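Structure, as C-alpha coordinates:
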Amino acid sequence: MRPLHSPWVMSAMTRLFSGYIALTYKTLRWTREGQEIAERVQAEALASGGGAILALWHSRVPVGPATWPQGPDKPEIRVLVSQSRDGEFIARVIARLGLPSIRGSSLKKTDTAKNKGGEQAFRDMVKWVKDGGAMAITPDGPRGPVEVMQKGAVALARVSGAPVLFVGVAVNPCIRLKTWDRTIIPLPFAKAAMVWDGPVQAGRDDDPDALVEAWRARLSAVSRRAEAIVGETAPKD
(Lines give C-alpha, C1' and ligand atoms only; values in the text may rest on other atoms or scores of the structure.)
Protein backbone atom coordinates (compact mmCIF):
# COMPACT_ATOMS: atom_id res chain seq x y z
CA MET A 1 0.00 0.00 0.00
CA ARG A 2 2.08 2.88 -1.33
CA PRO A 3 0.04 5.65 0.38
CA LEU A 4 1.24 4.26 3.71
CA HIS A 5 4.76 5.44 2.90
CA SER A 6 3.61 8.96 3.74
CA PRO A 7 3.70 9.59 7.53
CA TRP A 8 0.73 11.97 7.25
CA VAL A 9 -1.34 9.45 5.28
CA MET A 10 -0.35 6.67 7.70
CA SER A 11 -1.48 8.75 10.69
CA ALA A 12 -4.75 9.83 9.08
CA MET A 13 -5.65 6.33 7.88
CA THR A 14 -4.84 4.85 11.28
CA ARG A 15 -7.22 7.23 13.03
CA LEU A 16 -9.98 6.78 10.46
CA PHE A 17 -9.79 2.99 10.25
CA SER A 18 -9.44 2.36 13.98
CA GLY A 19 -12.38 4.69 14.63
CA TYR A 20 -14.48 2.92 12.01
CA ILE A 21 -13.63 -0.53 13.39
CA ALA A 22 -14.34 0.48 16.99
CA LEU A 23 -17.77 1.86 16.06
CA THR A 24 -18.58 -1.10 13.81
CA TYR A 25 -17.76 -3.60 16.57
CA LYS A 26 -20.53 -2.06 18.69
CA THR A 27 -23.13 -2.78 16.00
CA LEU A 28 -22.22 -6.36 15.06
CA ARG A 29 -24.82 -9.04 15.87
CA TRP A 30 -22.75 -11.89 17.26
CA THR A 31 -23.41 -15.61 17.38
CA ARG A 32 -20.86 -17.49 19.49
CA GLU A 33 -20.15 -21.22 19.59
CA GLY A 34 -17.73 -22.81 22.01
CA GLN A 35 -17.20 -19.59 23.95
CA GLU A 36 -17.03 -21.65 27.14
CA ILE A 37 -13.86 -23.29 25.77
CA ALA A 38 -12.09 -19.95 25.58
CA GLU A 39 -13.41 -18.85 28.96
CA ARG A 40 -12.17 -22.03 30.61
CA VAL A 41 -8.68 -21.69 29.13
CA GLN A 42 -8.56 -18.01 30.09
CA ALA A 43 -9.59 -18.77 33.68
CA GLU A 44 -7.08 -21.61 34.01
CA ALA A 45 -4.29 -19.43 32.60
CA LEU A 46 -5.03 -16.70 35.13
CA ALA A 47 -5.21 -19.17 38.01
CA SER A 48 -1.96 -20.93 37.10
CA GLY A 49 0.01 -17.91 35.91
CA GLY A 50 0.50 -19.68 32.60
CA GLY A 51 -0.11 -18.25 29.17
CA ALA A 52 -2.24 -19.09 26.15
CA ILE A 53 -1.99 -18.93 22.38
CA LEU A 54 -4.78 -17.85 20.02
CA ALA A 55 -4.70 -18.77 16.32
CA LEU A 56 -6.88 -17.27 13.58
CA TRP A 57 -6.36 -16.91 9.84
CA HIS A 58 -4.80 -13.70 8.53
CA SER A 59 -7.88 -12.69 6.53
CA ARG A 60 -9.72 -12.20 9.83
CA VAL A 61 -7.28 -9.65 11.32
CA PRO A 62 -9.74 -6.70 11.24
CA VAL A 63 -12.20 -8.70 13.37
CA GLY A 64 -9.57 -10.38 15.52
CA PRO A 65 -9.55 -7.84 18.39
CA ALA A 66 -13.21 -8.69 19.08
CA THR A 67 -12.27 -12.27 19.96
CA TRP A 68 -10.14 -11.40 23.00
CA PRO A 69 -10.89 -7.92 24.36
CA GLN A 70 -8.56 -6.90 27.16
CA GLY A 71 -10.00 -7.31 30.66
CA PRO A 72 -9.32 -8.63 34.17
CA ASP A 73 -11.05 -11.94 33.40
CA LYS A 74 -8.38 -13.11 30.96
CA PRO A 75 -4.61 -12.89 30.39
CA GLU A 76 -3.42 -9.75 28.62
CA ILE A 77 -2.96 -10.49 24.94
CA ARG A 78 -0.44 -9.31 22.39
CA VAL A 79 -0.51 -9.77 18.63
CA LEU A 80 2.27 -10.87 16.28
CA VAL A 81 2.52 -8.27 13.49
CA SER A 82 5.05 -8.20 10.66
CA GLN A 83 7.69 -5.47 10.34
CA SER A 84 6.45 -4.44 6.88
CA ARG A 85 4.87 -1.06 6.19
CA ASP A 86 1.45 -2.71 6.04
CA GLY A 87 2.31 -4.36 9.35
CA GLU A 88 3.08 -0.95 10.83
CA PHE A 89 -0.40 0.18 9.85
CA ILE A 90 -1.97 -2.90 11.44
CA ALA A 91 0.09 -2.45 14.60
CA ARG A 92 -1.00 1.18 14.94
CA VAL A 93 -4.66 0.34 14.38
CA ILE A 94 -4.80 -2.48 16.91
CA ALA A 95 -2.85 -0.38 19.41
CA ARG A 96 -5.63 2.21 19.25
CA LEU A 97 -8.05 -0.67 19.89
CA GLY A 98 -6.10 -1.58 23.02
CA LEU A 99 -3.91 -4.42 21.74
CA PRO A 100 -0.10 -4.09 21.92
CA SER A 101 1.92 -6.01 19.33
CA ILE A 102 5.16 -7.93 19.03
CA ARG A 103 6.78 -7.13 15.70
CA GLY A 104 8.29 -9.71 13.40
CA SER A 105 7.32 -12.09 10.61
CA SER A 106 6.63 -15.79 11.02
CA LEU A 107 9.74 -17.94 10.82
CA LYS A 108 10.20 -19.60 7.43
CA LYS A 109 13.02 -22.12 7.54
CA THR A 110 13.04 -22.34 3.73
CA ASP A 111 13.72 -18.64 3.22
CA THR A 112 15.91 -17.09 5.91
CA ALA A 113 16.02 -13.81 3.98
CA LYS A 114 12.34 -13.32 4.79
CA ASN A 115 12.72 -13.94 8.53
CA LYS A 116 12.31 -10.22 9.15
CA GLY A 117 12.82 -10.00 12.88
CA GLY A 118 11.32 -13.47 13.17
CA GLU A 119 13.90 -14.95 15.53
CA GLN A 120 13.75 -12.03 17.97
CA ALA A 121 9.95 -11.95 17.74
CA PHE A 122 9.85 -15.66 18.58
CA ARG A 123 12.01 -15.11 21.66
CA ASP A 124 9.80 -12.21 22.71
CA MET A 125 6.66 -14.32 22.28
CA VAL A 126 8.07 -17.22 24.28
CA LYS A 127 8.98 -14.92 27.16
CA TRP A 128 5.59 -13.19 27.06
CA VAL A 129 3.64 -16.45 27.13
CA LYS A 130 5.84 -18.06 29.78
CA ASP A 131 5.30 -14.96 31.93
CA GLY A 132 1.53 -15.55 31.78
CA GLY A 133 0.47 -13.51 28.77
CA ALA A 134 -1.62 -14.56 25.78
CA MET A 135 -0.35 -14.40 22.21
CA ALA A 136 -2.48 -14.04 19.07
CA ILE A 137 -0.95 -15.25 15.83
CA THR A 138 -2.07 -15.62 12.23
CA PRO A 139 -0.24 -18.81 11.20
CA ASP A 140 -0.63 -18.20 7.45
CA GLY A 141 0.66 -14.62 7.64
CA PRO A 142 2.02 -12.28 6.68
CA ARG A 143 2.16 -13.38 3.02
CA GLY A 144 0.47 -16.75 2.79
CA PRO A 145 -0.34 -19.04 1.10
CA VAL A 146 -3.91 -18.66 2.29
CA GLU A 147 -4.79 -20.98 5.17
CA VAL A 148 -1.47 -22.80 4.92
CA MET A 149 -0.12 -23.01 8.45
CA GLN A 150 3.54 -22.26 9.07
CA LYS A 151 5.35 -24.03 11.90
CA GLY A 152 5.60 -20.97 14.16
CA ALA A 153 2.44 -21.78 16.11
CA VAL A 154 3.59 -25.32 16.82
CA ALA A 155 7.08 -24.15 17.78
CA LEU A 156 5.69 -21.53 20.16
CA ALA A 157 3.40 -24.08 21.79
CA ARG A 158 6.20 -26.62 22.18
CA VAL A 159 8.67 -24.19 23.75
CA SER A 160 6.19 -22.32 25.96
CA GLY A 161 4.03 -25.29 26.96
CA ALA A 162 0.92 -23.12 26.56
CA PRO A 163 -2.44 -24.36 25.26
CA VAL A 164 -3.54 -23.28 21.79
CA LEU A 165 -7.05 -22.11 20.95
CA PHE A 166 -8.45 -21.91 17.41
CA VAL A 167 -11.05 -19.30 16.53
CA GLY A 168 -13.00 -18.94 13.31
CA VAL A 169 -14.57 -15.55 12.66
CA ALA A 170 -16.94 -14.50 9.88
CA VAL A 171 -19.01 -11.42 9.05
CA ASN A 172 -21.81 -10.93 6.54
CA PRO A 173 -22.05 -8.54 4.81
CA CYS A 174 -18.44 -7.50 4.62
CA ILE A 175 -15.94 -5.93 2.26
CA ARG A 176 -13.17 -8.13 0.89
CA LEU A 177 -9.95 -6.35 0.07
CA LYS A 178 -7.97 -7.24 -3.06
CA THR A 179 -5.12 -8.62 -0.99
CA TRP A 180 -3.46 -12.04 -1.13
CA ASP A 181 -5.86 -13.40 1.51
CA ARG A 182 -8.95 -11.33 0.61
CA THR A 183 -9.01 -9.70 4.06
CA ILE A 184 -12.53 -9.00 5.36
CA ILE A 185 -13.67 -5.59 6.60
CA PRO A 186 -16.88 -5.76 8.66
CA LEU A 187 -19.80 -3.55 7.75
CA PRO A 188 -22.01 -1.93 10.41
CA PHE A 189 -24.92 -4.02 11.76
CA ALA A 190 -23.64 -7.15 10.01
CA LYS A 191 -24.19 -10.67 11.29
CA ALA A 192 -21.01 -11.98 12.89
CA ALA A 193 -19.97 -15.40 14.17
CA MET A 194 -17.17 -16.55 16.46
CA VAL A 195 -16.47 -20.29 16.75
CA TRP A 196 -13.90 -21.76 19.15
CA ASP A 197 -12.06 -25.09 19.17
CA GLY A 198 -9.38 -26.59 21.39
CA PRO A 199 -7.40 -26.35 23.46
CA VAL A 200 -4.52 -28.38 22.04
CA GLN A 201 -0.92 -28.64 23.14
CA ALA A 202 2.35 -29.61 21.48
CA GLY A 203 4.60 -32.07 23.25
CA ARG A 204 8.34 -32.21 22.75
CA ASP A 205 8.02 -35.69 21.21
CA ASP A 206 5.14 -34.84 18.86
CA ASP A 207 5.73 -34.73 15.10
CA PRO A 208 5.64 -31.00 14.11
CA ASP A 209 4.52 -31.76 10.55
CA ALA A 210 1.60 -33.86 11.77
CA LEU A 211 0.59 -31.15 14.24
CA VAL A 212 0.73 -28.45 11.56
CA GLU A 213 -1.62 -30.41 9.31
CA ALA A 214 -4.01 -31.32 12.12
CA TRP A 215 -4.13 -27.77 13.46
CA ARG A 216 -4.60 -26.31 9.97
CA ALA A 217 -7.60 -28.56 9.44
CA ARG A 218 -9.17 -27.57 12.77
CA LEU A 219 -8.63 -23.86 12.23
CA SER A 220 -10.11 -24.04 8.74
CA ALA A 221 -13.03 -26.08 10.08
CA VAL A 222 -14.05 -23.45 12.64
CA SER A 223 -13.62 -20.77 9.97
CA ARG A 224 -15.98 -22.62 7.61
CA ARG A 225 -18.43 -23.12 10.48
CA ALA A 226 -18.43 -19.39 11.25
CA GLU A 227 -19.00 -18.61 7.57
CA ALA A 228 -21.92 -21.03 7.46
CA ILE A 229 -23.56 -19.38 10.48
CA VAL A 230 -23.60 -15.94 8.86
CA GLY A 231 -24.10 -17.14 5.27
CA GLU A 232 -20.75 -15.83 4.05
CA THR A 233 -19.52 -17.20 0.75
CA ALA A 234 -15.78 -17.76 0.43
CA PRO A 235 -14.27 -15.86 -2.53
CA LYS A 236 -13.33 -17.71 -5.68
CA ASP A 237 -9.72 -17.61 -6.84
Side-chain angles (χ1 to χ4, degrees), residues 13-42 52-71 73-74 77 79-81 86 89-90 93-99 134 136-142 144-149 164-200 215-237:
M13 288 185 65
T14 298
R15 291 175 181 273
L16 286 171
F17 190 67
S18 60
Y20 169 81
I21 290 294
L23 288 173
T24 299
Y25 281 178
K26 295 179 180 179
T27 72
L28 295 178
R29 297 171 290 144
W30 284 101
T31 298
R32 292 175 169 83
E33 287 188 358
Q35 184 73 30
E36 68 282 358
I37 296 172
E39 292 172 353
R40 184 175 67 252
V41 170
Q42 291 162 353
I53 300 166
L54 170 66
L56 70 160
W57 292 129
H58 192 274
S59 62
R60 270 44 187 173
V61 165
V63 199
T67 65
W68 196 291
Q70 305 282 31
D73 60 334
K74 59 183 71 68
I77 194 166
V79 183
L80 177 64
V81 180
D86 289 355
F89 174 66
I90 293 171
V93 169
I94 64 174
R96 291 179 67 88
L97 295 173
L99 299 181
I137 57 177
T138 54
D140 61 340
V146 176
E147 296 194 10
V148 173
M149 184 174 286
V164 180
L165 287 164
F166 307 113
V167 61
V169 190
V171 182
N172 188 27
C174 66
I175 297 170
R176 283 191 174 269
L177 301 182
K178 294 181 178 180
T179 54
W180 64 268
D181 61 347
R182 301 298 301 276
T183 296
I184 65 169
I185 305 295
L187 291 173
F189 303 101
K191 293 190 295 183
M194 188 184 304
V195 182
W196 295 88
D197 186 21
V200 297
W215 292 9
R216 180 208 62 78
R218 291 180 71 166
L219 183 50
S220 287
V222 289
S223 299
R224 301 294 86 78
R225 173 57 183 160
E227 291 169 356
I229 291 172
V230 301
E232 180 190 355
T233 302
K236 296 180 180 180
D237 295 331

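All values derive from a computational prediction rather than experimental measurement.
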With sequence neighbours excluded, residues passing salt bridge (Lys or Arg N to Asp or Glu O under 4.0 Å) with R60
E227, E232
Quick one: are V93 and Y20 in side-chain contact, heavy atoms under 4.5 Å?
no
Taken to the nearest 0.5 Å, the spacing of T31 OG1 from M194 CE works out to 10.5 Å
With respect to H58, which candidate in T179, T183, D181, D140 satisfies the side chain to side chain donor-acceptor pair (under 3.5 Å) definition?
D181
Could you tell me whether the side chain of I77 reaches within less than 4.5 Å of the side chain of Q70, counting heavy atoms only?
yes
Compare all side-chain heavy atoms of I21 with those of L97 and state whether any distance is below 4.5 angstrom.
yes
By ring-ring contact (aromatic ring centres under 6.0 Å, His included), W30 pairs with (sequence neighbours left out) none
State, yes or no, whether a side-chain contact exists between L54 and W196 at a heavy-atom distance under 4.5 Å.
yes
CD1-CH2 distance between I184 and W57, expressed to the nearest 0.5 angstrom:
14.5 Å
Decide yes or no for I90 and V61: does some side-chain heavy atom of the first lie under 4.5 Å from some side-chain heavy atom of the second?
yes
Hits for salt bridge (Lys or Arg N to Asp or Glu O under 4.0 Å) against E33, two or more places apart or cross-chain, chain-then-number order -> R225
Working note: E39 + R32, criterion salt bridge (Lys or Arg N to Asp or Glu O under 4.0 Å); need CA distance, chi angles, decisive distance, verdict.
CA-CA 12 Å; E39 292 172 353; R32 292 175 169 83; over 6 Å; no
When rounded to the nearest 0.5 angstrom, what distance separates CZ in F166 from CH2 in W215?
5.5 Å
Between atom CE of M13 and atom OG of S18, what is the distance when rounded to the nearest 0.5 Å?
11.0 Å
